[in-house]
Amino acid sequence: LLPRDALQDMPLLYVAAQLNALRWRYSYGRKCFREKLANVSLNLPMVHGAGGWRIDEEAVRRIFPREFMTFIPPKATPGYFDIPQLRWRLFNILELFDLKRGDFHSIADLSLGSYMTVSRISVDNGVVGYFEKPDSAKVYKRGLITISTVGGDAFVQLDSFICTDNV
């Protein structure tokens with residue numbers, strides 16, 4: 001997911017946690033295709049400004065005030081997010097993010113190198129190693145959310161990376 005507006009780490013982690021709560025949609029062999037992801041809606045704290053609606057980053061920090069490294073998504077219970085001063089709306093994910101698929105398929109064809117490479121695995125933030133960049137691949141900047149097309153695992157990438165078409 002490529003944020004349409006720059007977002008800090010905590011709002012990205014919040015969106016990733018929301019997406020991970022939807023992993024059941026992709027279990028039992030149901031892959032996470034673009035068409036399925038394009039129909040996902042997330043309930044997020046929003047603020048309206050001159051440029052339109054955007055994620056209320058201050059509200060996310062109030063909900064999750066912990067440091068980045070100690071972030072653990074809370075168990076959502078009815079009424080947990082009933083904070084009177086927040087305005088919540090249900091938004092389709094395409095209203096907040098652009099979807100893009102990775103640029104190459106086979107890691108086996110790559111040589112070891114210096115580019116962090118993300119693929120469809122569900123551990124280590126989706127990173128499968130460091131490889132040379134294929135000519136057709138783009139180097140993505142940090143601060144993006146990657147989602148496996150196989151398991152639906154969502155990760156915030158904290159460094160620049162290249163990724164396979166399974167992401």
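Two residues are said to be in side-chain contact when any heavy atoms from C-beta on lie closer than 4.5 Å; F91 and I55 fail this criterion. In this structure the side chain of F104 reaches within 4.5 angstrom of the side chain of I162, judged on heavy atoms. Between L96 and L44 the shortest side-chain heavy-atom distance falls below 4.5 Å. At least one side-chain heavy atom of F161 sits less than 4.5 Å from a side-chain heavy atom of L144. Counting heavy atoms from C-beta outward, L42 and L19 have side chains that approach closer than 4.5 Å.
Hydrophobic cluster membership differs between L158 and V118, with clusters built from Ile, Leu, Val, Met, Phe, Trp and Tyr side chains linked at under 4.5 angstrom. Put simply, I147 and V167 are part of two different groups of oily side chains (I, L, V, M, F, W, Y) that touch within less than 4.5 Å, one to the next.
Around CG of D135, the count of heavy atoms belonging to other residues, nucleotides or ligands within 6.0 Å does not exceed 12. At most 12 non-hydrogen atoms from other residues, nucleotides or ligands lie less than 6.0 angstrom from OH of Y115.
Checked by atom type, the side-chain pair S111/E132 shows no donor-acceptor distance below 3.5 Å.
Summarising the hydrophobic clusters (Ile, Leu, Val, Met, Phe, Trp, Tyr; side-chain heavy atoms under 4.5 Å, direct or chained), the residues clustered with L90 are none.
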Might you work through the side chain to side chain contact (heavy atoms under 4.5 Å, CB included) test for R54 and L7, ending with a clear yes or no? CA-CA 10 Å; R54 60 178 281 118; L7 292 173; 4.2 Å; yes
Between N166 and H105, is the side chain to side chain contact (heavy atoms under 4.5 Å, CB included) condition met? List the steps. CA-CA 7 Å; N166 290 317; H105 185 71; 4.1 Å; yes
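The CD atom of Q18 sits 11.5 Å away from the OG atom of S41 when rounded to the nearest 0.5 Å. The distance from the CG atom of L37 to the CG atom of L94 is 7.5 Å, given to the nearest 0.5 Å. Residue L12 holds its CG atom at 10.5 Å from CD of Q157, rounded to the nearest 0.5 Å. Atoms CZ and CD, on R4 and E95 in that order, are 8.5 Å from each other to the nearest 0.5 Å. Note that CG of L1 and CZ of F155 are 13.0 Å apart. Values are rounded to the nearest 0.5 Å. The distance from the NZ atom of K133 to the OG1 atom of T117 is 11.0 Å, given to the nearest 0.5 Å.
Although no hydrogens or angles enter the test, the distance criterion places no donor-acceptor pair under 3.5 Å between the side chain of R89 and the main chain of M46. No donor-acceptor distance shorter than 3.5 angstrom exists from the side chain of Q8 to the backbone of E57, with no hydrogens or angles considered. Listed for the N125 side chain is a donor-acceptor partner under 3.5 Å among the backbone atoms of V156. Proximity of a side-chain donor or acceptor of R101 to a complementary backbone N or O of D165 within less than 3.5 Å is detected. In this structure, the side chain of N92 engages the main chain of A38 through a donor-acceptor pair within 3.5 Å.
Residues passing the side chain to side chain donor-acceptor pair (under 3.5 Å) test with R142, sequence neighbours excluded: D9. Considering only residues two or more places apart in sequence or on other chains, K100 meets the side chain to side chain contact (heavy atoms under 4.5 Å, CB included) condition with L2, D103, Y140.
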